[in-house]
Protein chains: 2
Amino acid sequence: MCTERYRGGVEAEGLIAHDVLAVVLRITGTVPSVLLWRRAREPHEGRWALPGGRLGATEDVEASVRRHLAEKVDLAEVAHVEQLSVFSDPHRGPAPRRVATAFLGLVPSDADPAIPDDTAWHRVDALPPTAFDHGEITRVGLDRLRAKLSYTNIGFALAPDVFSISELRRLYAAALGHHVSATNLQRVLTRRGVLVPTGTTAAPGPAGGRPAALFRFSEHTLRVTDPFAALRPPSGAGAV
Amino acid sequence: MCTERYRGGVEAEGLIAHDVLAVVLRITGTVPSVLLWRRAREPHEGRWALPGGRLGATEDVEASVRRHLAEKVDLAEVAHVEQLSVFSDPHRGPAPRRVATAFLGLVPSDADPAIPDDTAWHRVDALPPTAFDHGEITRVGLDRLRAKLSYTNIGFALAPDVFSISELRRLYAAALGHHVSATNLQRVLTRRGVLVPTGTTAAPGPAGGRPAALFRFSEHTLRVTDPFAALRPPSGAGAV
DNA sequence: GAGGTTTTCGCCTTTTGGTCGAAAACGTGG
DNA sequence: CCACGTTTTCGACCAAAAGGCGAAAACCTC
């Protein structure tokens, strides 16, 4: 049949199914959680998988991952999306061969978007059995988030629109997995100009305490804190 | 014919040609250069393209880019390869649709590998007309190199096995496009433990001068200088 | 108003990066 | 063999950035 030769022809020509996947993270309590859905069909029936799907003919990978993500979560709640990496091990899943471009997505901690019945948030420190290489991909996404918290304004995608320093401190500590000092966090982010005071304060908790000043991020798009590390240009920089 | 329905079937199924591409950089004089080959056929005949080719059925993208690179340059001279990004704009080239995974490759300044007749090094500040989006991809590769020079030991892939500080300073300045102080470069890299003295010295130039002490990189694989920026863990770090 | 709680802020220390100039170690040419 | 130019090295100093601590501020309840 044509179908037989068809398959063979496809592989000889090197045409490959291309998927997109999203590691969608959100800080819940003291630990990040990732959005996963439970597979109802083989392969890997019953295991938990990252949202995603086939790359369409008229879209680039970022448009595609946004389209597929919209099936699992309200896209308006996803504050940031960026490309992670390509996963292409020929044995990363059963035949036929699939290549996937993975993305990182971030949802602010105050958003609690509606999600389908087969979908749930899972703490990254207690992942259920994952399908294919999705566990490894989740780890890559988490690592990326942690790295970028240090030298970008990516916190805007984890925090509510306005927030107190202690709330922000809690989010950073949860994402980074280690203690973060409120004093230092505020100073570092302020010096970089990513944090601006709103002038308003929050009501104290039931146990009292001084009312917290409220802040917001100056920008809601990713910006690298420019001379973020060693070996800066002297003063007036001339790009090549 | 089968062929007719074949094509239609392929696109309906979303099967796509996947390419790999490499931005191979090398510091030449005071400016980085990129390895390009001149296309002898349409589309974009006569324009200059990045090395690369089709992803094969039994290899992942990194193995593939190494295989294709071997056709243009001696792989043993490529000291470092890392994934850059996926380029998937449906209109990034004429039909049929192609998706490409781009890589960054680095060749030490003392290597001068043999290359085919259709291939040449081009200074990145004076690129010839490039095919498809290869000019943009080159820019992405250069940006990646510049960023990583600041917070990783990636210099090992630009420098000879042993080198003087002034040689290394020249390489960093050329790659970054701005002045770099030898004193500071040595201190920063030494403090991070990526630079180790060999105990030997180089012969002075024809005009004399104090003989330069020679160094080498402690590792020849990529390592991120761990707490490379703000928001470090307190002291004893416990990973989650 | 006393006592508990939470946030804020000033002050200090440590680490890191940037700059400068003197000294060291070589050549060459009188 | 000594003065001079050259290149590298190294110490000293400075500024910026980040980490830490504790007192003070601003709220609660009893």
Side-chain angles (χ1 to χ4, degrees), chain A residues 149-152 155 162-173 176 178-215 224-237, chain B residues 149-152 155 162-173 176 178-215 224-237:
Chain A
L149 280 174
S150 266
Y151 64 93
T152 73
V162 305
F163 48 84
S164 69
I165 294 298
S166 27
E167 275 176 74
L168 192 64
R169 190 211 65 80
R170 184 181 62 80
L171 296 175
Y172 271 69
L176 291 171
H178 63 72
H179 175 259
V180 173
S181 127
T183 300
N184 202 42
L185 183 65
Q186 172 174 9
R187 183 182 25 204
V188 166
L189 295 184
T190 300
R191 176 159 43 212
R192 294 177 180 173
V194 307
L195 215 56
V196 294
T198 65
T200 59
T201 59
R210 176 169 174 170
L214 295 178
F215 294 79
V224 176
T225 310
D226 219 46
F228 67 88
L231 306 179
R232 310 182 238 281
S235 48
Chain B
L149 280 174
S150 266
Y151 63 93
T152 73
V162 306
F163 48 84
S164 69
I165 294 297
S166 28
E167 275 175 76
L168 192 64
R169 190 210 66 80
R170 183 181 62 80
L171 296 175
Y172 271 69
L176 291 171
H178 63 73
H179 173 259
V180 173
S181 128
T183 300
N184 201 40
L185 182 66
Q186 174 174 8
R187 184 183 25 200
V188 167
L189 295 184
T190 300
R191 180 155 44 207
R192 294 177 180 171
V194 306
L195 215 57
V196 294
T198 66
T200 59
T201 59
R210 177 168 171 170
L214 294 178
F215 295 80
V224 175
T225 310
D226 219 47
F228 65 88
L231 305 179
R232 310 184 236 283
S235 46

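If you're wondering where the values come from, they're calculated on a predicted model, not measured in any experiment.
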To the nearest 10°, let me know how far the axis at one end of the helix from C:dG1-D:dC30 to C:dG30-D:dC1 is tilted from the axis at the other, five pairs an end.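 Comparing the first five pairs with the last five, the axes sit 10° apart.
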Which part of the nucleic acid, if any, lies within reach of [X] when heavy atoms closer than 4.0 Å are counted: base, sugar-phosphate only, or nothing?
{"X": "B:T183", "result": "base"}
{"X": "B:A203", "result": "nothing"}
{"X": "A:A182", "result": "nothing"}

[X] [atom1] to [N] [atom2]: how many Å, rounded?
{"X": "A:L189", "N": "D:dA17", "atom1": "CG", "atom2": "P", "value": "14 Å"}
{"X": "B:R187", "N": "D:dC13", "atom1": "CZ", "atom2": "C1'", "value": "11 Å"}
{"X": "A:L195", "N": "C:dT8", "atom1": "CG", "atom2": "P", "value": "11 Å"}
{"X": "A:Q186", "N": "D:dA17", "atom1": "CD", "atom2": "P", "value": "16 Å"}
{"X": "B:N184", "N": "D:dA15", "atom1": "CG", "atom2": "C1'", "value": "12 Å"}
{"X": "B:R169", "N": "C:dT19", "atom1": "CZ", "atom2": "P", "value": "13 Å"}
{"X": "A:I165", "N": "C:dT8", "atom1": "CD1", "atom2": "P", "value": "7 Å"}
{"X": "A:L168", "N": "C:dT8", "atom1": "CG", "atom2": "P", "value": "12 Å"}

Could you give the distance from [atom1] ([X]) to [atom2] ([Y]), rounded to the nearest 0.5 Å?
{"X": "B:R187", "Y": "B:R192", "atom1": "CZ", "atom2": "CZ", "answer": "12.0 Å"}
{"X": "A:R170", "Y": "A:I165", "atom1": "CZ", "atom2": "CD1", "answer": "13.5 Å"}
{"X": "B:L185", "Y": "B:Y172", "atom1": "CG", "atom2": "OH", "answer": "6.0 Å"}

Are a donor atom and an acceptor atom from the side chains of B:T198 and B:T200 found within less than 3.5 Å of each other?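 Yes.
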Does any non-hydrogen side-chain atom of [Y] lie less than 4.5 Å from one of [X]?
{"X": "B:Q186", "Y": "B:R191", "answer": "no"}
{"X": "B:Y151", "Y": "B:V224", "answer": "yes"}
{"X": "B:L168", "Y": "B:L189", "answer": "yes"}
{"X": "A:L195", "Y": "A:F163", "answer": "yes"}
{"X": "A:L176", "Y": "A:L149", "answer": "yes"}

Would you please confirm or rule out a distance under 4.0 Å between OP1 or OP2 of [N] and any side-chain N or O of [X]?
{"X": "A:R191", "N": "D:dA18", "result": "yes"}
{"X": "A:R192", "N": "D:dA18", "result": "yes"}
{"X": "A:S166", "N": "C:dT7", "result": "yes"}

Each nucleotide in nucleotides 25-30 of chain C should get exactly one letter: B, S or -. Can you fill that in based on protein heavy atoms under 4.0 Å? BBS---
